[in-house]
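Note that the coordinates shown come from a computational prediction; the quantities given were computed from them, not determined experimentally.
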Amino acid sequence: MRNSGKVLIALGVVIMLIGCYIFRNLNHVSAVDSHSWTINLNGINSFPWVIFSGFVIFMVGISFVIATTKEIHQRIS
């Protein structure tokens, strides 16, 4: 589990870097802001899904690494 966590962390970082390269010219306006700007939705390119999914994979890897750490039981005197 610990090795798979490290692999997921590395994979998540790589996917986020690829996503930053793909979505570097993305200008998006939040749909929940209260302003009069027009919102142009470009389908799948409206949200940086690659970066988001890379971050999710990265956090799952962090969770795997944290969950598999061994606790050292020590007597406190």
Side-chain angles (χ1 to χ4, degrees):
M1 262 326 237
R2 192 168 181 91
N3 288 334
S4 62
K6 291 177 184 177
V7 169
L8 285 174
I9 290 172
L11 184 66
V13 169
V14 168
I15 290 173
M16 283 190 287
L17 290 174
I18 290 171
C20 287
Y21 179 72
I22 292 172
F23 288 102
R24 65 180 157 186
N25 294 327
L26 180 65
N27 293 323
H28 60 281
V29 178
S30 177
V32 296
D33 287 340
S34 57
H35 51 71
S36 60
W37 299 348
T38 58
I39 299 170
N40 297 323
L41 297 177
N42 298 325
I44 194 92
N45 293 329
S46 297
F47 184 76
W49 290 105
V50 178
I51 299 171
F52 177 76
S53 61
F55 183 72
V56 169
I57 292 171
F58 175 77
M59 291 309 293
V60 168
I62 293 278
S63 299
F64 280 6
V65 170
I66 290 173
T68 57
T69 56
K70 295 182 180 178
E71 294 181 16
I72 301 172
H73 299 287
Q74 296 178 353
R75 179 183 290 174
I76 300 173
S77 56

Practice item. Is it possible for you to say whether Val56 and Trp49 belong to one hydrophobic cluster, with membership spreading through side-chain heavy-atom contacts below 4.5 Å? Key: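 Same cluster: Val56 reaches Trp49 through Ile, Leu, Val, Met, Phe, Trp or Tyr contacts under 4.5 Å.
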Check your understanding: Linking I/L/V/M/F/W/Y whenever their side-chain heavy atoms sit closer than 4.5 Å, directly or via other members, would Val65 and Met59 fall into one cluster?
Key ->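 Hydrophobic grouping puts Val65 with Met59.
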Review point. Which atom names give the shortest non-hydrogen contact between Val50 and Gly19, and what distance separates them?
Key: CG1-CA, 3.6 Å
Check your understanding: Could you state the interatomic distance from CG (Asn3) to CG (Leu8), rounded to the nearest 0.5 Å?
Key ->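 One finds 11.0 Å between CG of Asn3 and CG of Leu8.
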Review point. What pairs with Ile62 under side chain to side chain contact (heavy atoms under 4.5 Å, CB included), at least two apart in sequence or on another chain?
Key: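 By the side chain to side chain contact (heavy atoms under 4.5 Å, CB included) rule, Ile62 matches Ile9, Phe58, Ile66.
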**Study point:** Which residues share a side chain to side chain contact (heavy atoms under 4.5 Å, CB included) with Ser4, sequence neighbours left out
**Key:**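 By the side chain to side chain contact (heavy atoms under 4.5 Å, CB included) rule, Ser4 matches Met1, Phe64.
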Review point. Can Phe52 and Phe55 be said to form a side-chain contact (heavy atoms from CB on, under 4.5 Å), step by step?
Key: CA-CA 5 Å; Phe52 177 76; Phe55 183 72; 5.7 Å; no
